[in-house]
There are 2 protein chains.
Amino acid sequence: MTDLVRNEVQEKLINGVFNCPKEFTLSMFSGKWKINIIYHLGKEGAYYFSEIERLLPAASHKELSEKLKELAADGLVKRTEVKDQRIKVSYSLTPLGESLLPIVNAMYDWGTKRLRELKLDDKATFGLGEVKRPASEK
Amino acid sequence: MTDLVRNEVQEKLINGVFNCPKEFTLSMFSGKWKINIIYHLGKEGAYYFSEIERLLPAASHKELSEKLKELAADGLVKRTEVKDQRIKVSYSLTPLGESLLPIVNAMYDWGTKRLRELKLDDKATFGLGEVKRPASEK
DNA sequence: CGGAATCCAGTGCGATACTG
DNA sequence: CAGTATCGCACTGGATTCCG
């Protein structure tokens, strides 16, 4: 989903039938890498595109490009072109993007705490019950 | 994705290479309908499966079934079988699930506020910039 | 009633390659 | 440097059907 959800949510918005604020919020940052981007921009300030790529080496060029575009369209991130010798593009949070930081931080804290608890449990199961494994192991 | 993210996150966990608490938290409730389920169970208490279906009529039987299973596997939701004449299954939040409520509520509040702001803008654009529209209009 | 299996169309996303 | 287009496979999720 993710983009599916985002599209659905935005369609509903356009048609004026939208009524679920939490889904809307989720759709803002539940795309791949989006929270990471928001988190880093919030914590460390502006980054160039190439810096973000280095920051998140597992993310593909395409994906990053698309997600940044969405974040900008949603008004969470500001895109600024800078003429160096080549053109560079700097990304930073807008005030709206910054207003999401408390939620991102709360998620960070919750995750940290929960991961610590899990490590105290049996390492084999992690207390998670069954886990679907993809067919192909990497 | 969604489940993709969830699977990735859990794989990493198993392999002990996990290091991103916020992704982990996101993976807990970013599947379709999951926040809705958590929200309702948190606000109104336990529900039977069939009640949840009625509560979220747009969600398919299959989807609800799968997501509840995941929520239970993640320890956020407790599954209880009740022998009526048929077997009914009751779902409620675990304490762990309840500990997510502050985040869900923060998302609710952020979304509410943001949606209100958007309504003050031009209704045509909603201040969102471009919106991808699916090929097929429903 | 609740869940699981099967089938199938629609989408996400990586790899690669091309523009300005 | 940043962004876009194309291709191809894996995954999602709706509809339907079957089991306890």
Side-chain angles (χ1 to χ4, degrees), chain A residues 1-11 27 30-34 37 46-73 77-91 129-130 132-138, chain B residues 1-11 27 30-34 36-37 46-73 77-91 130 132-138:
Chain A
M1 60 158 220
T2 296
D3 271 354
L4 233 167
V5 165
R6 187 169 174 274
N7 288 339
E8 267 181 40
V9 163
Q10 301 211 342
E11 267 205 65
S27 78
S30 92
K32 214 173 183 183
W33 306 110
K34 280 187 179 177
I37 295 168
Y47 275 117
Y48 291 117
F49 184 88
S50 52
E51 293 177 321
I52 299 177
E53 275 193 303
R54 246 168 285 131
L55 217 57
L56 305 170
S60 72
H61 183 75
K62 176 191 173 191
E63 208 48 28
L64 240 36
S65 173
E66 278 177 6
K67 294 315 171 195
L68 282 165
K69 194 178 171 187
E70 289 178 4
L71 288 169
V77 155
K78 185 167 58 115
R79 210 191 95 109
T80 315
E81 303 203 354
V82 180
K83 301 234 183 230
D84 201 5
Q85 295 191 316
R86 292 278 187 168
I87 290 173
K88 305 182 81 166
V89 181
S90 165
Y91 290 93
E130 294 163 56
K132 274 192 285 180
R133 317 265 329 211
S136 62
E137 300 282 33
K138 312 172 197 174
Chain B
M1 61 163 214
T2 296
D3 271 355
L4 233 168
V5 165
R6 188 169 173 275
N7 287 339
E8 266 183 43
V9 163
Q10 301 211 340
E11 267 204 65
S27 79
S30 95
K32 216 173 181 183
W33 307 109
K34 280 187 180 177
N36 286 292
I37 295 168
Y47 275 117
Y48 291 116
F49 184 87
S50 49
E51 293 176 322
I52 299 176
E53 275 193 303
R54 247 168 285 132
L55 216 56
L56 305 171
S60 73
H61 184 76
K62 177 190 175 190
E63 209 47 29
L64 241 36
S65 172
E66 277 177 7
K67 295 314 170 194
L68 281 165
K69 194 177 170 187
E70 288 178 6
L71 287 168
V77 156
K78 184 167 57 113
R79 211 191 94 109
T80 316
E81 303 203 353
V82 181
K83 302 236 183 231
D84 199 5
Q85 296 191 314
R86 293 277 185 164
I87 290 173
K88 305 182 80 164
V89 181
S90 164
Y91 291 93
E130 295 163 58
K132 275 192 284 180
R133 314 270 324 219
S136 62
E137 301 282 32
K138 311 172 196 172

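The sequence lines fix the lettering, A, B, ..., with proteins before strands; numbering per chain opens at 1. Just so we're clear, the structure is a prediction, and the values are computed from it rather than from any experiment.
Along DNA chain D, the nucleotide nearest to A:R86 and the one nearest to A:K62 differ in position, and the one closer to the 5' end is contacted by A:R86.
The OH-P distance, from A:Y47 to D:dC1, rounds to 17 Å in whole Å. Per the geometry, CD1 belonging to B:I52 stands 11 Å off C1' belonging to C:dG2, to the nearest Å. Atom-to-atom, CD of B:E70 to P of C:dA4 comes out at 12 Å; the value is rounded to the nearest Å. To the nearest angstrom, C1' of D:dT4 lies 15 Å from NZ of A:K67. Whole-Å rounding puts the B:E63 CD to D:dT12 P distance at 9 Å. Put simply, CD1 on A:I87 is 15 Å from C1' on D:dT4, counting in whole angstrom units. Taking atom CG of A:L64 as the reference point, atom P of C:dA15 lies 13 Å away to the nearest angstrom. As a whole-Å value, the separation of B:W33 CH2 from D:dT12 P is 17 Å.
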What's the verdict on side-chain contact (heavy atoms from CB on, under 4.5 Å) for A:L68 and A:V89, showing C-alpha distance, side-chain angles and the deciding distance?
CA-CA 11 Å; A:L68 282 165; A:V89 181; over 6 Å; no
Apply side-chain contact (heavy atoms from CB on, under 4.5 Å) to A:I37 and A:Y47, showing your working.
CA-CA 10 Å; A:I37 295 168; A:Y47 275 117; over 6 Å; no
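For the OP1/OP2 pair of D:dG3 and a distance below 4.0 Å, the side-chain nitrogens and oxygens of A:Y91 include at least one atom meeting the criterion. For A:K69 and D:dT4, the shortest distance from a side-chain N or O to OP1 or OP2 is below 4.0 Å. Residue B:S60 places no side-chain N or O under 4.0 Å from the OP1 or OP2 atom of D:dA15. The side chain of B:R79 places no N or O atom within less than 4.0 Å of a non-bridging phosphate oxygen (OP1 or OP2) of C:dG2. Within the 4.0 Å cut-off from OP1 or OP2 of D:dG14, at least one side-chain nitrogen or oxygen of B:K32 is found.
A salt bridge does not link A:E81 to A:K83: none of the charged nitrogens lies less than 4.0 Å from a carboxylate oxygen. Looking at B:E70 and B:K67, a side-chain N of the basic residue comes within less than 4.0 Å of a carboxylate O on the acidic one, giving a salt bridge.
In this structure, A:K88 reaches the sugar-phosphate backbone alone: every heavy-atom distance under 4.0 Å involves primed, P, OP1 or OP2 atoms, never a base. Among the atoms of the strands shown, base atoms are found under 4.0 Å from some heavy atom of A:S65.
For B:F49, taking side-chain heavy atoms from C-beta onward, the closest of the listed nucleotides D:dG3, C:dG3, C:dC1 is C:dG3. In this structure, of D:dA2, C:dC1, D:dG13, it is D:dA2 that holds the atom nearest to the side chain of A:S50.
In this pair, B:F49 and B:H61 present their aromatic rings perpendicular. The plane angle is above 60°, beyond the 30 to 60° band.
At a cut-off of 3.5 angstrom, the base of D:dG14 holds no donor-acceptor pair with the side chain of B:H61.
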